[in-house]
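Below is one structure, written out as structure tokens, with a few remarks after it.
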Amino acid sequence: MSKPSLPQGTRDFNAATVQKRQYIFQTIKSVFELYGFQALETPAMENLETLMGKYGEEGDKLIFKILNNGLDLPQKKQQTLEGVEKLFAGKSSTELTERALRYDLTIPFARYIAMHHGSLTFPFKRYQIQPVWRADRPQKGRYREFYQCDADVVGSDSLLNEVDLMSVYLTAFGNLKLPVEVKMNNRKILLGLAQFCGGEEKLIDLTIAIDKLDKIGWEKVKEELNTKGFSDAQQKIIQQYLNITGSNEEKIAQLKKLLGDNASVLKGIEELNYVLQYHPSSGMSKQLVADFTLARGLNYYTGLIFEVKALNTDMGSIGGGGRYNDLTSLFGVPNIPGVGISFGVDRIYDVMEEKNLFPPSIEQTTQVLFFNLGEEEAQAAYAQMDLLRNKKIACEIYPEKSKFDKQFKYAEKKGIPNVIIIGTEELGKKECKLKNINTGIQTTILFNELVNYKF
RNA sequence: GAGGGCGUAGCUCAGUAGGUUAGAGCGACAGUUUGUGGAUCUGUAGGUCGUGGGUUCGAGACCCAUCGUUCUCCCCA
């Protein structure tokens, strides 16, 4: 038998890891609920049709597809072979696969809205904390199965939603004690730039090239723009655009100077300003950074876009989101605008681990271990344990009669702070010995007093 | 999809220029100690050196392939 192993990019989580992850989930979830979002869960798998074509060409390739059952049935052989043919022709094949694992939470949410818009009350605010799967090559901070925590508002155009979501970000990361900055830009500004550089149809090429700036540098971006057919004059404008620096106010002033006669850019700036300046007293403005080089890969965004970066680490973005005018029209239900944000829990975990930000208090375990010193003694111990458990004190009894050594070591390894010893001596006197593992202090307590002991 | 690093005991790793019986630390288990843990000491178990080929008198080491893993690029959380 070969050694058991895990599929690439997936992980097991031990007790300590689960507790830390739960701490992140809980923190985010309670902020979501504080802001009026309600939970939604959707299936791990969706119809392939629901997902395909929503994430761009690259994204489609990374969708985990589920092979149909019964492909090996003799009567289906012809159909299966046709499916394979289609596959090699570069088309998707419903003969072979009709379902896929969800790639993110936003598209399944849009599908949900499209299916239930008749019975939902708008504006509809939902949050969703579930795993997603991507057939990506794993590397640092990148897994094939990872959790997303999304909060979205649909059915409202108001920028107050953006303000609220930025507050959710800052509150949640504040509660996690994780220093971050939220970069903001507006697709309308990028659209304006594209219009300035030869047309809206170049928006996607433009955003993809711009997005790479901080990674590959201007020279490489320039090369890419060249191959995509941007003229020298256009490249010059793009370079000026990317060179904008300074405080939020200074950046916006420079942008106005450069592209201020474009209506889309002006609109974009206005929206950006609205959110940046909504309540200056909160200190929000400090962590919100206008960044015109932010582009984001997903093309369904149409308004403000956000990306969260943890400070002082080389981890990529740990969250992102933006406004989309018309996501549900992909599913035949137009005119439901929305805006959403997402937390990348696995990366947040990695950063917090790296920076040692988990409070020690979240590691909780059994409070009391009862020693097992024989059948009769164990029975007495079990009765005492019942009483403590009724008081919501986490207890366990060592399941077999063993040497002290072994039972002590068990408690120590598991981090159980208290052991209770009931042997023949104690049994006779109806008392027990309570020993604190950390301090080494041992006290004697009568059975009928144990329930009221403060652990 | 492209490119690099690494696979030796449960874990972390050594293994010199290919040479006879593959090592250490930690951990596990047992004893020292039939009712008081963390320490010490002693002992024990555990490896077809990722897999398959090849070169060689001889391969853990060199070559090829393959699988796994990790990192970078693309893309993304």
Side-chain angles (χ1 to χ4, degrees), chain A residues 2-11 24 28 55-63 102-106 129-150 180 204 207-209 211-212 215-217 220 224 294-299 306-310 314-322 340-351 369 371-374 377 398 401-428 432-444:
Chain A
S2 61
K3 279 190 184 174
S5 66
L6 232 38
Q8 198 178 30
T10 66
R11 298 150 298 158
I24 298 173
I28 295 171
Y55 306 107
E57 215 176 302
E58 290 295 327
D60 284 353
K61 281 191 219 160
L62 301 180
I63 294 171
R102 66 168 165 253
Y103 179 87
D104 71 355
L105 301 178
T106 307
I129 301 179
Q130 288 190 281
V132 303
W133 294 269
R134 297 185 186 178
D136 210 348
R137 279 284 170 77
Q139 52 186 277
K140 188 181 179 187
R142 179 176 301 186
Y143 307 99
R144 291 187 139 184
E145 177 182 63
F146 62 97
Y147 270 74
Q148 289 192 331
C149 299
D150 278 28
V180 296
I204 293 174
T207 53
I208 289 174
D211 202 28
K212 295 178 189 169
K215 228 167 194 173
I216 63 177
K220 288 275 174 64
E224 180 153 344
L294 174 65
R296 293 196 61 73
L298 298 170
N299 290 319
F306 335 105
E307 197 161 287
V308 186
K309 177 86 182 65
D314 60 356
M315 183 65 75
S317 75
I318 56 173
I341 58 172
S342 178
F343 290 79
V345 175
D346 299 78
R347 284 188 178 179
I348 292 171
Y349 176 93
D350 288 348
V351 173
L369 174 73
F371 272 27
N372 186 335
L373 299 169
E377 292 86 343
Y398 200 81
K401 178 184 187 306
S402 297
K403 291 200 286 185
F404 271 54
D405 186 59
K406 197 147 185 168
Q407 304 198 42
F408 266 120
K409 277 185 178 158
Y410 177 80
E412 197 187 336
K413 287 234 170 100
K414 210 169 162 183
I416 300 173
N418 304 292
V419 300
I420 287 180
I421 301 164
I422 299 173
T424 27
E425 275 177 41
E426 290 83 4
L427 199 55
C432 57
K433 298 243 165 66
L434 168 68
K435 182 161 183 175
N436 183 303
I437 292 272
N438 301 317
T439 62
I441 296 171
Q442 184 166 307
T443 48
T444 305

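Quick note on labels: first sequence line is chain A, next is B, and so on, each numbered from 1.
Contact annotation for Tyr410(A): no contact, since no heavy-atom pair falls under 4.0 Å across all strands. Within 4.0 Å of Lys413(A), counting heavy atoms only, lie sugar-phosphate atoms of the nucleic acid but no base atom. Residue-level contact check: Leu105(A) touches neither bases nor backbone, having no heavy atom under 4.0 Å from any strand. Within the nucleic acid shown, Gly59(A) has no heavy atom closer than 4.0 Å to any nucleic acid atom.
In this structure, the CD1 atom of Ile63(A) is 13 Å from the P atom of C76(B), given to the nearest Å. Nucleotide U70(B) holds its C1' atom 15 Å from the CG atom of Asp136(A), rounded to whole Å. Arg347(A) places its CZ atom 14 Å from the P atom of C75(B), with the value rounded to the nearest Å. Rounded to an integer number of Å, the gap from Glu58(A) CD to A2(B) C1' is 12 Å. Summarising the geometry, the separation between CD on Gln130(A) and C1' on A77(B) is reported as 16 Å, rounded to the nearest angstrom. Rounded to an integer number of Å, the gap from OH of Tyr55(A) to P of A77(B) is 11 Å. In this structure, CD of Glu57(A) is placed 12 Å from P of C76(B), rounded to the nearest angstrom. In this entry the distance linking CD of Gln8(A) with P of U70(B) reads 7 Å, nearest Å.
Distance OG1/Thr444(A) to NZ/Lys435(A): 12.0 Å, rounded to 0.5 Å. To the nearest 0.5 Å, atoms CD (Glu425(A)) and NZ (Lys433(A)) are separated by 5.5 Å. Annotation: the span from Ile416(A) atom CD1 to Leu369(A) atom CG amounts to 4.5 Å, rounded to 0.5 Å. One finds the CD1 atom of Ile318(A) at 8.5 Å from the CZ atom of Phe343(A) (value rounded to the nearest 0.5 Å). Rounding to the nearest 0.5 angstrom, the gap separating the CG atom in Asn436(A) from the CD atom in Gln442(A) is 11.0 Å. The structure places CG of Asn418(A) at 8.0 Å from CG of Asn438(A), a figure rounded to the nearest 0.5 Å.
By the 4.5 Å heavy-atom criterion applied to side chains, Leu373(A) and Glu426(A) are not counted as neighbours. Looking at heavy atoms from C-beta onward, Asp136(A) lies out of side-chain contact with Phe146(A) at the 4.5 angstrom threshold.
Comparing G23(B) with G60(B), their P atoms sit 14 Å apart, to the nearest whole Å. Between the P atoms of C29(B) and A22(B), the separation comes to 27 Å (whole Å). Comparing the C1' positions of A45(B) and G1(B) gives a spacing of 47 Å, expressed to the nearest Å. C11(B) and U69(B) have their P atoms separated by 15 Å, with the value rounded to a whole Å. Nucleotides G35(B) and C41(B) place their C1' atoms 23 Å apart, quoted to the nearest Å. The separation of A30(B) from U48(B), taken at their P atoms, amounts to 24 Å, rounded to a whole angstrom. When the C1' atom is used for both A14(B) and C57(B), the distance is 28 Å, rounded to whole Å. Distance check on atom C1': U21(B) versus C62(B) gives 24 Å, rounded to whole Å.
Toward the 5′ end of RNA chain B lies the nearest nucleotide of Pro138(A), the other residue of the pair Pro138(A) and Arg142(A) mapping further downstream. Each of Lys140(A) and Arg144(A) has a nearest nucleotide on RNA chain B; the 5'-most of these lies closest to Lys140(A).
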Donor-acceptor list for residues 56-63 of chain A side chains, cut-off 3.5 Å, not counting sequence neighbours:
residue	atom	partner	partner atom	Å
Asp60(A)	OD1	Gly53(A)	N	3.0
Asp60(A)	OD2	Gly53(A)	N	3.1

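For Phe371(A) and Phe408(A), the ring centers are positioned less than 6.0 Å apart.
You cannot call Phe343(A) stacked on the base of A77(B); the centres under 5.5 Å and planes under 30° rule is not satisfied.
Stem regions for RNA chain B, each three or more consecutive Watson-Crick or G-U pairs with both distances under 3.5 Å and listed by first number, read B:1-7 with B:67-73, B:10-13 with B:23-26, B:28-31 with B:41-44, B:50-54 with B:62-66.
When the nucleotides A28(B), U72(B), U69(B) are ranked by their closest atom to the side chain of Gln139(A), U72(B) comes out on top.
Below 30°, between 30° and 60°, or above 60°: for Tyr103(A) and Tyr55(A) the angle between ring planes is between 30° and 60°, a tilted geometry.
A close approach under 4.0 Å does not occur between any side-chain nitrogen or oxygen of Lys61(A) and OP1 or OP2 of C76(B).
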Legend entry - Sugar-phosphate or base contact per nucleotide [nucleotides 35-41 of chain B; S, B, -; heavy atom under 4.0 Å]: BBBB---
